[in-house]
Structure formats: C-alpha cells, structure tokens
Amino acid sequence: VYDQKSLENYLESQVAEVSAEHPVLIDKFLEDALEAEVDALTDGEDTFVAAVMEHIEEAGIHSGDSACAIPSLEITDEQLKTIKDYTAKIASALDVVGLMNIQFAIYQGKVYIIEANPRASRTVPLVSKVTGINMAQLATRLMLGESLASLDLKEKEIPYTGVKEAVFPFDKFENIDAVLGHRRGNGNCQHLCSGILQSSDSSRT
C-alpha cells in the first residue's frame, strides 16, 4: 500500500480480524536503497570486518540472486565506518564467536540493518579469495579459543575488484551441460549470457 486509503481498503477487504492473536504487521520498504553486506570474524569481544561488499542491484533482491563487488564502489567512508561500528556492536551483543554476516541498506545516506546472521555466509569463499584471508580456518581457530588479537589481522587496500555473480541456472535448459556450462554442439553459452549483460543498467554493468 502507498497511502492511508489503500491501507484501509486492504484491511476492510482482506483482514477479518485484527487483535493480539491476529496482528497486522507493517514493514516499510526502502525503495532504491543501496544494499551492502559484511563478512566478519569475532572472538566475542573484538571484531574484524574482512570485507564490505556492495550489491550491484538495489536492496530487495535476494543476496543469493544478486551480484556484489569488493571493495565497495559507492559507499562513503563515513558509511563504511558506521557499518563496521554496527557490526562490532551486534557481534558483541549476540556474543558471536567465529564468523558473522550482516546485510545493510543505505537509504538517503543513512545506514539500516536488514539482518544479522551469526554464521558463515555463501560469500565467505569470495571474501577469502579476494582478500587473501582464510576466513573458515581463522574462524575455527577463534571457536577453539584463540583471540582475534593473536591472529594479527590488518585491513589492507585491495588493488583490484572482486565480483560475485549469481550462478546461471544451466539445469533449467535441456541442451545446457550443467557441469561444463556450454551448449552442447554449439561451443559455449555466450549468446545466452550476453542478453543478461545487454539488459543491465550500463552505468552499473
């Protein structure tokens, strides 16, 4: 709904009862927000943010279906500082030891938290590859009792850009080899993928 009248129409036509047992939950969607994602290591007291990933699509696209870049492209230094501060505070409050993933939305310059996951994320292999930090191994050491300080981790400037893209669903097409990723008898899947690239916003491609 976009206004009071739309809300009233919905409640009158679709909701039989509103009570503590049958609540109506209202969320506000942040349209055209920028989504960011963090993979971090924590020992329960100190937290190290290995990378802040910037999603290419606007917030609202499931992280498993979206692309992201390391390092971030459009997030300001102030917003990065806020993201890292929020990550440390959440990790401490939840008493997380090991890996943690948090997704953020940046809307009109303000940083919002979408969700926090005290576990490994699908982006851990990407972060490890791009940063050169073996996240899984170090998280295991933290879970076995080592301190974050003993790992002597330091932020470093990454001189290139790492990108995660959603896996193309080759198994949806009869003539696509899901392992080799090419059209049988035709060499490769370039003509299938090119349509996706051409339909993308050229300023963000």
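Between Tyr2 and Leu7 there is no side-chain heavy-atom pair separated by less than 4.5 Å. Proximity of Tyr107 to Asp32: side-chain heavy atoms (C-beta onward) are nowhere separated by under 4.5 Å. Looking only at side-chain heavy atoms (C-beta outward), Leu30 and Tyr112 come within less than 4.5 Å of each other. The side-chain heavy atoms of Glu37 and Val52, taken from C-beta on, include no pair separated by under 4.5 Å. Side-chain contact check for Phe104 versus Ile114: every heavy-atom pair is 4.5 Å or farther apart. You'll find the side chain of Thr42 stays beyond 4.5 Å of the side chain of Leu142, heavy atoms only. The shortest distance between side-chain heavy atoms of Ile158 and Ile70 falls below 4.5 Å. A 4.5 Å side-chain heavy-atom check between Ser128 and Ile133 finds every atom pair outside the cut-off.
Once rounded to the nearest 0.5 Å, the distance linking CD of Gln137 with CG of Leu41 reads 11.0 Å. The distance from the CD1 atom of Ile102 to the CG atom of Asp39 is 10.0 Å, given to the nearest 0.5 Å.
Nearest heavy-atom pair, Ala116 versus Met100, reported as atom, atom and distance to 0.1 Å: CB-CE, 3.9 Å. Shortest non-hydrogen contact noted between Met135 and Ala50 is SD-CB, 3.5 Å. Between Ser121 and Pro125, the shortest heavy-atom distance links the atoms O-CD, 4.1 Å. Closest of all the heavy-atom pairs between Ala69 and Thr161 is CB-CG2, 4.1 Å. Looking at every heavy atom in both residues, Thr47 comes nearest to Ala40 through CG2-CB, 4.0 Å.
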(request) Check the pair Leu153 / Leu138 against side-chain contact (heavy atoms from CB on, under 4.5 Å), numbers first and verdict last. (result) CA-CA 10 Å; Leu153 293 172; Leu138 296 180; 3.8 Å; yes
(request) Before giving the answer on side chain to side chain donor-acceptor pair (under 3.5 Å), spell out for Ser147 and Asp43 the whole-Å C-alpha distance, their side-chain angles and the decisive distance to 0.1 Å. (result) CA-CA 6 Å; Ser147 68; Asp43 61 7; 5.0 Å; no
(message) With side-chain contact (heavy atoms from CB on, under 4.5 Å) as the criterion, how do Ile83 and Val38 come out once you've worked through the C-alpha distance, each side chain's angles and the decisive distance to 0.1 Å?
(response) CA-CA 8 Å; Ile83 287 171; Val38 161; 3.4 Å; yes
(request) Tell me, with the steps shown, if Leu34 and His55 meet side-chain contact (heavy atoms from CB on, under 4.5 Å). (result) CA-CA 7 Å; Leu34 177 68; His55 285 217; 5.8 Å; no
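A side chain to side chain contact (heavy atoms under 4.5 Å, CB included) with Asn101 holds for exactly one of Val127, Thr87, Val124, Asn117; it is Asn117.
By the side chain to side chain contact (heavy atoms under 4.5 Å, CB included) test, Ile61 is found to be paired with Glu57, Asp65, Ser66, residues two or more places apart in sequence or in another chain being considered. With sequence neighbours left out, the side chain to side chain contact (heavy atoms under 4.5 Å, CB included) criterion links Val24 to Leu11, Val15, Val18, Ile26. Every residue two or more places apart in sequence or in another chain that forms a side chain to side chain donor-acceptor pair (under 3.5 Å) with Thr76 is listed here: Gln79. Scored by the side chain to side chain donor-acceptor pair (under 3.5 Å) test, Thr131 finds no partners at all (sequence neighbours excluded). For Asp3, the side chain to side chain contact (heavy atoms under 4.5 Å, CB included) partners at least two apart in sequence or on another chain are Lys5, Ser6. Checked against side chain to side chain contact (heavy atoms under 4.5 Å, CB included), Ser72 has the following partners two or more places apart in sequence or in another chain: Glu54, Ile75, Leu80.
Within the structure, salt bridge (charged side-chain N to carboxylate O under 4.0 Å, His left out) contacts touching residues 78-95 (residues at least two apart or in different chains) are Lys84-Glu155, Asp85-Lys89. Pairs of residues two or more places apart, or lying in two chains, that qualify as salt bridge (charged side-chain N to carboxylate O under 4.0 Å, His left out) and include a residue from residues 127-154 are Arg141-Glu146, Asp152-Lys154. The stretch residues 7-30 participates, sequence neighbours left out, in no salt bridge (charged side-chain N to carboxylate O under 4.0 Å, His left out) pair at all. Every pair tested for salt bridge (charged side-chain N to carboxylate O under 4.0 Å, His left out) that includes a residue from residues 97-124 fails, sequence neighbours excluded, so the list is empty.
Other residues sharing the hydrophobic cluster of Val163, ordered by chain and number and joined by side-chain separations under 4.5 Å: none, the residue standing alone. The hydrophobic cluster containing Phe29, built from Ile/Leu/Val/Met/Phe/Trp/Tyr side-chain heavy atoms closer than 4.5 Å, comprises no other residue.
Hydrophobic clustering (side-chain heavy atoms under 4.5 Å, transitive across Ile, Leu, Val, Met, Phe, Trp, Tyr) groups Met53 together with Phe48. When the side chains of ILVMFWY residues are joined at heavy-atom separations under 4.5 Å, either directly or via intervening members, Leu126 and Tyr160 end up in a single hydrophobic cluster. Under the 4.5 Å side-chain contact rule for hydrophobic residues, Val97 and Val49 do not share a cluster.
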